[in-house]
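Counting starts at 1 for both ligands and their atoms, in listed order.
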Amino acid sequence: MLIVQKYGGTSVGTLERIKNVAAKVKARSQEGHQMVVVLSAMSGVTDGLIKLAKEISRKPDPREMDVLMATGEQQSVALFCMAAKDIGLPAGSLLGFQAAILTDRMFGKARITDVETARIQEYLRRGKVVVVAGFQGLDWDSGDVTTLGRGGSDTTAVALAAALKADVCEIYTDVEGVFTADPNLVPNARKLEAVSYEEMLEMASLGAKVLDIRSVEFATKFGVKIHVRSTFSDREGTMVVPEDQITERLMISGVAHNKNEARLTIKGVPDTPGIASKIFTPISAAGIVVDVIIQNTSAEGKTDLTFTVPKTDYDQAKRILKRTAKEIGAAEVLGDTRIAKVSVIGIGMRNHAGVATKMFAALASENINIKTINTSEIKISCVIDERYTELAVRVLHEAFGLGQEKPPVAEDVV
Ligand code: ADP
Ligand code: ASP
Ligand code: MG
């Protein structure tokens with residue numbers, strides 16, 4: 001088999017842990033598999049680098065920021081290969097540019113556009129375990145180093161698995177798989193045996209950081225089978241697979257939360273054709289992803305628009321929005337960074353009414369006010385005050401019976 005494995009920051013968080021991972025990889029490769037191992041930076045390292053940059057500059061240059069951030073993964077792969085050689089495992093490291101992971105030029109959130117696997121294949125032919133630095137790539141046109149956004153090593157791994165047509169992409173992390181809610185927040189959260197691409201995509205985009213959203217996009221597009229499992233136990237984890245391979249169709253598969261968004265409102269917008277495009281074009285041109293857009297009914301030819309953006313993009317989005325407000329003659333721009341989004345997700349809700357009502361009732365039972373609501377075929381999200389996030393997640397997990405041994409399946413619920 002050709003196996004791509006990825007180990008996250010906690011899994012390689014100390015030298016001892018790096019040695020432990022090297023031993024795991026050795027054991028697996030001795031079963032006769034070809035292996036490509038993607039590593040994250042040791043836990044805390046990326047945060048530390050960002051802190052350093054902010055200390056030296058109020059607004060660090062994005063190109064140099066990526067040069068700096070890429071050093072975290074560079075350390076891990078080098079240390080890993082040293083440990084591997086000491087235990088007799090032939091391993092060779094490749095940085096993003098050496099592995100030819102090509103991206104666009106959006107520093108800090110670059111998208112993988114292509115992977116040229118020739119060098120990796122060559123290493124594999126020579127019987128080596130190929131150890132690729134996660135999270136980093138190369139903008140071919142300029143030759144510049146790029147990074148893929150927080151959590152991006154998952155995407156490196158899945159993109160490599162797709163390009164190499166690997167049999168499986170194993171994501172090793174600090175929990176045993178994908179759970180019905182963040183197990184660090186909800187003690188009775190249950191591990192899912194399998195979850196569909198579509199649900200995982202929603203979960204990831206709604207805050208379940210166990211997989212980076214772009215990694216799930218890649219997996220969906222190229223049919224990569226993902227196995228999310230723990231570095232610290234041998235138990236089976238969660239398979240992320242096409243929907244037709246799911247046997248247990250739960251009504252709701254999970255509750256997700258996200259505290260990393262902020263809300264912007266532009267008030268008194270002239271309600272004329274083309275206005276939404278004028279507002280959102282400059283924001284998306286800056287690479288900022290907008291979510292949950294709400295436009296109020298207009299009164300006297302004026303309307304208000306509210307939307308959310310990632311907190312990391314909040315200042316920039318607000319600046320852009322203020323500029324646009326001036327241009328189009330809007331009244332004012334307001335912002336709120338103390339919000340959170342809680343969501344319930346499940347393919348089972350496609351054919352069932354009543355999920356929304358249950359969700360609203362559960363939140364109301366704890367007096368949690370809903371600021372905005374957003375739905376799709378397989379999810380319902382509510383924006384609430386950030387203070388109530390944990391409470392909301394627990395109450396929703398309980399209300400949908402997710403902690404139970406046998407949570408409601410889609411067929412049971414009317
Ligand atoms: P890594 O460093 O291995 O990439 P991450 O911290 O990025 O690990 O992701 C794993 C974390 O995701 C877990 O420790 C857990 O707190 C969080 N998480 C959030 N939602 C879920 C979920 N539904 N199932 C599993 N883990 C979740
Ligand atoms: N080291 C990067 C981060 O902390 C990428 C990753 O771990 O996936 O976000
Ligand atoms: Mg991660």
Self-check item: Distance-only polar pair, side chains of D212 and T155, donor-acceptor under 3.5 Å
Solution: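 On atom types as modelled, these side chains qualify, holding a pair under 3.5 Å.
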Quiz item: Can a donor-acceptor pair be found between the side chains of S343 and E202 at a distance below 3.5 Å?
Solution: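 No pair is found: no donor N or O on one side chain lies under 3.5 Å from an acceptor on the other.
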Does the pair [X]/[Y] count as a salt bridge with the N-to-O cut at 4.0 Å?
X: E16; Y: K19; answer: yes
X: R63; Y: D144; answer: yes
X: K51; Y: E55; answer: yes
X: E170; Y: R28; answer: yes
X: K278; Y: E327; answer: no
X: E198; Y: R350; answer: yes

Quiz prompt | Partner of V36 by side-chain contact (heavy atoms from CB on, under 4.5 Å), out of T117, L94, V4 | solution =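 So, applying the side-chain contact (heavy atoms from CB on, under 4.5 Å) to V36 and each of T117, L94, V4, only V4 qualifies.
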Distance to 0.1 Å, residue and atom name: give those for the protein heavy atom nearest to [atom].
atom: atom 8 (O) of ligand 1; value: T173 OG1, 3.1 Å
atom: atom 23 (N) of ligand 1; value: F179 O, 3.0 Å
atom: atom 14 (O) of ligand 1; value: D174 OD1, 2.9 Å
atom: atom 2 (O) of ligand 1; value: G9 N, 3.2 Å
atom: atom 4 (O) of ligand 1; value: K6 NZ, 3.0 Å
atom: atom 7 (O) of ligand 1; value: K209 O, 3.5 Å
atom: atom 15 (C) of ligand 1; value: D182 OD1, 3.2 Å

Quiz item: For E217, does the CD atom sit with more than 12 other heavy atoms under 6.0 Å from it, leaving out its own atoms?
Solution: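 Check passes, neighbour count above 12.
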Does [X] have a non-hydrogen atom less than 4.0 Å from ligand 1?
X: G254; value: no
X: P183; value: yes
X: G177; value: yes

Practice problem: May I ask you to identify, for V210, whether its side chain, its backbone, both or neither come under 4.0 Å of ligand 1 on a heavy-atom basis? | Solution: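 The part of V210 near ligand 1 is both the backbone and the side chain.
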Quiz item: How long is the gap from CD on Q121 to CG on L164, to the nearest 0.5 Å?
Solution: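 So the gap between those two atoms works out to 5.5 Å.
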Quiz item: What distance separates S93 OG from Q75 CD, expressed to the nearest 0.5 Å?
Solution: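 The CD atom of Q75 is 13.0 Å from OG of S93, to the nearest 0.5 Å.
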Quiz item: Should S11 be counted as touching ligand 1, given the test is an N or O pair under 3.5 Å?
Solution: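 No, no N or O pair falls under 3.5 Å.
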Practice problem: Give the atoms of ligand 1, by number and element, whose distance to some non-hydrogen atom of A208 is under 4.0 Å. | Solution: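 Result: 19 (C), 20 (N).
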Self-check item: For V178, atoms of ligand 1 separated by under 4.0 Å from a heavy atom
Solution: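 The list of qualifying atoms is 24 (N).
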Quiz item: Between F307 and F280, what is the ring plane arrangement, given parallel below 30°, perpendicular above 60°, and tilted in between?
Solution: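 The arrangement is perpendicular - the two ring planes meet at more than 60°.
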Quiz prompt | Pocket residues of ligand 2, ordered first by chain and then by residue number (heavy-atom cut-off under 4.0 Å) | solution =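 Residue list for ligand 2: S40, A41, T46, E73, F135, R150, G151, G152, S153.
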